[in-house]
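Sequence lines set the chain letters: A, B, ... in the order given, protein chains first and strands last, and positions in each chain run from 1. Note that this is a predicted model, so its numbers are computed, not measured. Values reported hereafter were calculated over all heavy atoms of this structure, with side chains retained and with hydrogens, waters and symmetry mates removed.
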2 protein chains.
Amino acid sequence: MNTKEKIVAAALEVYNREGIRTVTTRQIAQEMGISAGNLHYHFKHTEDIIFTIFEELQRDYDEMVVLFDQKDATFQELLQEFTEGSYLLINKYKFIFANFVEICTWIPAIGDAYRTLVARREERFISLFEHYSKLGMFRQDIPIAILKGFVRQIFIISDFWYSSFAVLGGRFESDALEDYRQTIEVAFYPYLI
Amino acid sequence: MNTKEKIVAAALEVYNREGIRTVTTRQIAQEMGISAGNLHYHFKHTEDIIFTIFEELQRDYDEMVVLFDQKDATFQELLQEFTEGSYLLINKYKFIFANFVEICTWIPAIGDAYRTLVARREERFISLFEHYSKLGMFRQDIPIAILKGFVRQIFIISDFWYSSFAVLGGRFESDALEDYRQTIEVAFYPYLI
DNA sequence: ACAAAATTAGAACAATTGTTCTAATTTTGT
DNA sequence: ACAAAATTAGAACAATTGTTCTAATTTTGT
């Protein structure tokens, strides 16, 4: 792991632990035992570090999404994979989810990338639902407008569940996964057969 | 309106417009034409301003919630009132919803107050659902565990809808209300009769 | 009307922050 | 082996920030 990668790893850890409000580049450098000057030799601006972390998140996400292509899985299996996969992502990049609005306005490139991602994600979900409708595992009587709204709803829940969990004072990791799993499950509950 | 109230009003406006990251007490003071020294005479710490705004939000919320007590309304009417009322709140205090995690960790008293509010809100919703179940306007076959999960879901959506709307690049206010209304409606869709 | 209290502006302070500069050291390619 | 390029530490810079201090002005209560 070269210095650049070490900086990214250290930044991710410190941001996750303390949030973006109080953490400084000096602190990140200090925690990993290099000078602040050195850190800024590798990343001219703090934004560049965060953007690099976001790119990592995107790569992780793409890897996870590949798993959805096993079209022979039952809907329940798929749902479980989605839940576990997205939880891992949310947990790994906590601070991004917890400060998403601020980060997106601070670093517009991240907002743009997110919007592109959402568009792709939306289509994928709709087509999955249609697929599983035909297999009789997902309700067929849902109007398309509602279905789109439901997808939106799932995204709000999965993208901001951690924010909610955090403000509700959630701490322990075991609680966290269970809470997330249940929230997603309940959202799907009325749509499954 | 005395200076203290003016500061609160100005802070709310500036925070809503620019977020909490870049706004300084100096800027707030300048925009309202008073000195920074004067501002800090009225509010020793920036946190005190934000906490005061949060107290205002709580008062507004309590006022809104009173409207729910007309037990002769149909569920549809109640839902519409909830949607419009909560939208007004979210819109008025945008910046709090957009930076909720950060604010709650920065100012623990706000986190505490929120958690108390949530507990009250939860009970109220459950009892409303039970009431309307008996009247045949809300599904009766929902297990209590799911019902609680559903309430949680509604809270995530209403508390973080604005965050989602903001990162998706939403701007125009007319779009905003329509988007919020639809999201809430879709969430209730499978539970109504 | 006038003393005490409240309010205000503006200078000043002290700490912090992201970033740059400089000079030394290390690594790399040939 | 050695010149060029990359990396590093630490000092330095420039700007900013929340907050305090001081002295003047205004308001309030009697």
OP1 or OP2 of D/dT19 less than 4.0 angstrom from a side-chain nitrogen or oxygen of B/His45, does that happen here? yes
Atom-to-atom span, CD1 of B/Ile50 to P of D/dG18 - whole angstrom: 10 Å
According to a strict under-4.0 Å criterion, is A/Lys4 in side-chain N/O contact with OP1 or OP2 of D/dT7? no
Of A/Arg26 and A/Gly33, whose nearest nucleotide on DNA chain D comes first from the 5' end? A/Gly33
Under 4.0 Å from OP1 or OP2 of D/dT17: is there any side-chain N or O of B/His40 that close? no
Looking only at non-hydrogen atoms, find the nearest pair between A/Val101 and B/Val167 and report the distance. CA-CG1, 3.8 Å
Among D/dT17, C/dG18, C/dT7, the nucleotide that comes nearest once only the side chain of B/His42 is considered: C/dT7
Run the numbers on A/Lys92 and A/Glu56 for salt bridge (Lys or Arg N to Asp or Glu O under 4.0 Å), then give the verdict. CA-CA 11 Å; A/Lys92 182 169 175 191; A/Glu56 208 184 295; 3.7 Å; yes
Taking 4.0 Å as the cut-off, does a side-chain nitrogen or oxygen of B/Thr3 come that near to OP1 or OP2 on C/dT8? yes
Is A/Asn99 reaching over with its side chain to a backbone N or O of A/Phe95, donor-acceptor style, under 3.5 angstrom? yes
Would you say a side-chain N or O of A/Ser35 is under 4.0 Å from OP1 or OP2 of D/dG10? no
Can you tell me which nucleotide in D/dT7, D/dT17, D/dA12 comes closest to the side chain of A/Tyr41? D/dT7
Under 4.0 Å from OP1 or OP2 of D/dT19: is there any side-chain N or O of B/Thr46 that close? yes
Rounded distance (Å) that lies between atom P of D/dT19 and atom CD1 of B/Ile7: 13 Å
Tell me: CZ of A/Arg21 to P of C/dT16, nearest whole Å? 16 Å
Gap between atom CE of B/Met137 and atom NE2 of B/His131 - 0.5 Å precision: 7.5 Å
Determine: side-chain N/O of B/Asn38 to OP1/OP2 of C/dA9, distance under 4.0 Å, yes or no. yes
